[in-house]
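Working notes for the structure below.
The sequence lines fix the lettering, A, B, ..., with proteins before strands; numbering per chain opens at 1.
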There are 2 protein chains.
Amino acid sequence: MPATIRDIKKQTGLSLATISKYLNGGNVLPENKVKIEAAIKDLHYEVNEIARGLVTNKTRTVGILVYSIESPFSGLILTHVGTALRKHGYGMLIADSCNDEEIEAANVKYLISKKVDGIIVIPVASKGDFLLPAKNAGIPIVLLDRSLTDAQYDCVRIDNRKSANYAMKELLNKNHKKIAVIASEKEYTGRERYNGFMDAMRDAGLDVPKEYQVRGTHSIASGYNGMKQLLALKDKPTAVFMSNYEITLGAMLAINELGYKSPDDISLVGFDDQIIFHILKPQVYMIEQPLQEMGEKAVDMLMKRVTDGSLDNPVEIALATRMVQGNSIKEM
Amino acid sequence: MPATIRDIKKQTGLSLATISKYLNGGNVLPENKVKIEAAIKDLHYEVNEIARGLVTNKTRTVGILVYSIESPFSGLILTHVGTALRKHGYGMLIADSCNDEEIEAANVKYLISKKVDGIIVIPVASKGDFLLPAKNAGIPIVLLDRSLTDAQYDCVRIDNRKSANYAMKELLNKNHKKIAVIASEKEYTGRERYNGFMDAMRDAGLDVPKEYQVRGTHSIASGYNGMKQLLALKDKPTAVFMSNYEITLGAMLAINELGYKSPDDISLVGFDDQIIFHILKPQVYMIEQPLQEMGEKAVDMLMKRVTDGSLDNPVEIALATRMVQGNSIKEM
DNA sequence: TAATGATAACGAAACGTTTCGCAAGGAACG
DNA sequence: CGTTCCTTGCGAAACGTTTCGTTATCATTA
C-alpha cells in the first residue's frame, strides 16, 4: 500500500540506484533532484527503515535495558538519554527489567533479535553474564549509573564511594558520633555508598556497631523498616545516612509515623536529590547526581563505538556530584 | 557474521521453507526437528527480526508516544503497558515528546518509518492532527489517559470530570464554601477536572469568584505560584482542589514555605495518588487512578486491532477511580 | 491393487532497500 | 582531435526471512 522506491522509479524514469543515492544525500543532477522530490511528495513516499535495515545491518535504534521503568530515577535520566539519541537520529527501544534478573536476561536476547545498534544498560544484576549474548553478537554496550563486578564495559556513573564519603563530612563536622546507615545490598550503588560511608567512619576513628548497619534492598519498604528498626534501639543513633531516593522516602515515612522529628530527634543525609525533597520537612541534605551529563556522556560513548566502530578498551567514567544543603542535621 | 537460516539449511540439508516452518511452529518430522534444533544450538542461530519484518510487514513492536518520560506518572503507567505488551510478545519503542507538540508530531513520523504495528499515545496536543500520518498509514492507535478534542480514536482513561466532582463531595460534606481550584488548562485532564470541580460547585449552589480559579500548566511551578497567589488574597479560600500530582507538589511547597499549615489554615484535595503523599504531612485526600488496569486495557484494545485486524468503530473507555482518605480536610 | 487423502518437504519468488562494478557523457588538457 | 578525468546514472546482486504452488511420500480405504 505505501509507496516504495519502485513507484518513484516509475514516475521519474530514473533507476533505483539513483533514487537511493538521492535519499542518502548523494549527488544527483538538479533536474533529477526536482523530479524525485516531486514524486516523493506526490506519492507520500517514506523510506522503509526495515528494508533499509536489512541491507545496511543498522537499525538506528538503541536498546535501553532499564532496571525498572517505574522508578522515578529512570525517567529522570532516560529523558536525557532520549534527547541525546534523537540528536544523533537514533530512537530508544526500551525494555523494562522490572527489577528481575530473569526478565533482564530475556530482554537482552530480545534486543539482539531486534538488531539494535547498541545497548545502554542500567542493570539489575551485579554480574555481567546476562550481557554475554550481546557482546558476542558484537553489539556495543554502555553501562549507566551502575557498574558490574566481573565484567568490563564502557560505563558512566558517579563516584558513589567518594560521594558517600564526602556526604558524611556534613555529619562529622557537626560532631555526630553515633551514625547509622541504611543501604541497599543487592545494587552496585548501594554497596559502593555503603563502602564510602564505612570509609568515612573509619577515617574518623568511629565505630559502627552491627545494629547500626542496615542492609536492605532498593525500596521504600526497606527504608521504612530500616528506620523503624533503628528507632527501636535502646541506644539510638543520632544520625542516619541513607543510600538512595527510595530508602530516604521510606525512612522519612517511618519517622513521621512514629512521631519523631528531624533534625531534633535524628539527623539525616540522603542520596538522589529529587524535587520532592524540597517540599518535605525538613529539607534533607542530599547528594545530587548530574543526570543530564550522565545521559549525554553515555550516548556519546555509545555513538563512538557504533558510528566510528571504535574498538578501544572499555572506559569507566566516574562523575562528581554536588551536595544539596538542607536543614536535616543538628549541631551536636 | 551471525548464523542465518541458510547455515541451518547447509547443516541439516533441509530446505529454507521447512526450517522457516519449524521456526514458526509448523509441523516437521521428529527427526528433522531434532536436526534443526541441534543446528540452531550449534550455530547460535537467532531469527533476524528485521528480515522477518520485511516480508511479514509486521515488527512486533508498538510505538509509545509519551508526553514526558520525565514525569513520574509516565513510568508508573508504562511499566504496566510494558508487561502487558511483553505477554503478547511485543516490545516498546518509546518516543519522548518532552511536552512539546512539535517533537510529538516529528515522533509520529519517526514511529511510522520504524513500521511499528501500533501506537499508544499519551498526548501533549489536544487536537489530533499530529496523528493523521499514522492514521493514513493504517497504523492502529490507542490513546491513553488523555483524550483529544477533535478526533476519534480508541481511548482508555479515567472519568476525570466525574472523579473531580466526586472528590469535591469530601470538601462540601465538611461544609467548605470558599473553595478554590488550581488546574492545568492546556491538558485534557486538567480541563476535565476543572469542569468536574465547577459542576460540583454549581450543584452545591456555590459561587467561584474568578480569583479562586487558577488555570496554569501541568507543572510544579504552576502549583507553587497558584497556591501563593491564593494565599495572598485578602479573602482566602478555606480549601483548594488541585488537578494533578505536579500541581499538588508545588502547592504544598508554597504552603510549607509560607509557614501555613494544612488542614488548620487550608484544606486540600488532590489528584494522582503517589507513594510520596503518604509521607507528606498532612496526608492529602487524593483521587487514585487504576494504572494497571489502564495500561492493560490499552494494550488489549491495541492488540485487538493489530492481530484481529478489527475495524470496529473507536471506543472510549472511562474507568472509575478511588478516593484515598487523608487528613488534609478540616471540618468547618 | 488402485485410487484417495493427508502430511511434509521443496524451489522460487517476493519484501524494499543499498551497493558494487561498470558505462556514458562531458569538460579539461596537451 | 585523442586522451584522461570526473561526475552521474544504471543494472544486478544482495540482505535473511516468509509464503505460494507444487511435488513426493506414505498410510488408508474401497
Of all the choices, [options], which nucleotide is nearest to the side chain of [X] once you look at every atom?
X: A:Val47; options: D:dC15, D:dT18, C:dT17; answer: C:dT17
X: A:Ala17; options: D:dG11, D:dT8, C:dT17; answer: D:dG11
X: B:Asn24; options: C:dA8, D:dG9, D:dT18; answer: D:dT18
X: A:Thr56; options: D:dT18, C:dA9, C:dT19; answer: C:dT19
X: A:Leu16; options: D:dT17, C:dT18, D:dG9; answer: C:dT18
X: B:Asn27; options: C:dC10, D:dT18, C:dA8; answer: C:dA8
X: A:Thr4; options: C:dC10, D:dT17, C:dG16; answer: C:dG16
X: B:Val28; options: D:dG9, C:dA9, C:dT19; answer: C:dA9
X: B:Lys21; options: C:dT17, C:dA9, D:dT17; answer: C:dA9

Using whole Å, what does the distance between atom [atom2] of nucleotide [N] and atom [atom1] of [X] come to?
X: B:Arg60; N: D:dT18; atom1: CZ; atom2: C1'; result: 14 Å
X: B:Ile36; N: C:dA8; atom1: CD1; atom2: C1'; result: 11 Å
X: A:Leu54; N: C:dG16; atom1: CG; atom2: P; result: 12 Å
X: A:Ile5; N: D:dA14; atom1: CD1; atom2: C1'; result: 15 Å
X: B:Leu29; N: C:dT7; atom1: CG; atom2: C1'; result: 8 Å
X: B:Leu23; N: D:dT18; atom1: CG; atom2: C1'; result: 10 Å
X: B:Arg6; N: D:dA13; atom1: CZ; atom2: C1'; result: 12 Å
X: A:Leu14; N: D:dT7; atom1: CG; atom2: P; result: 20 Å

field: CA sep, side-chain torsions, deciding dist, call: A:Lys114, A:Thr61, side-chain hydrogen bond (donor to acceptor under 3.5 Å, both in side chains)
entry: CA-CA 9 Å; A:Lys114 285 297 184 186; A:Thr61 302; over 6 Å; no
- prompt: Do we get A:Lys35 above A:Tyr22's six-membered ring, with its NZ or CZ under 6.0 Å from the centre and within 45° of the axis?
  reply: no
- prompt: If only side-chain N and O atoms of A:Tyr45 are considered, is one of them under 4.0 Å from the OP1 or OP2 phosphate oxygen of C:dT17?
  reply: yes
query: Is the distance from OP1 or OP2 of C:dA8 to the nearest side-chain N or O of B:Thr18 less than 4.0 Å?
result: no
query: Nearest nucleotide by nearest heavy atom, which residue falls closer to the 5' end of DNA chain D, A:Lys9 or A:Pro30?
result: A:Pro30
message: Between A:Thr79 and B:Asp96, do the side chains contain a donor N or O and an acceptor N or O under 3.5 Å apart?
response: yes
message: What I want to check is whether the side chains of B:Arg157 and B:Tyr188 have a donor and an acceptor closer together than 3.5 Å.
response: yes
query: Is a side-chain donor or acceptor of B:Asp150 paired with a backbone partner of B:Gly128 at a separation under 3.5 angstrom?
result: yes
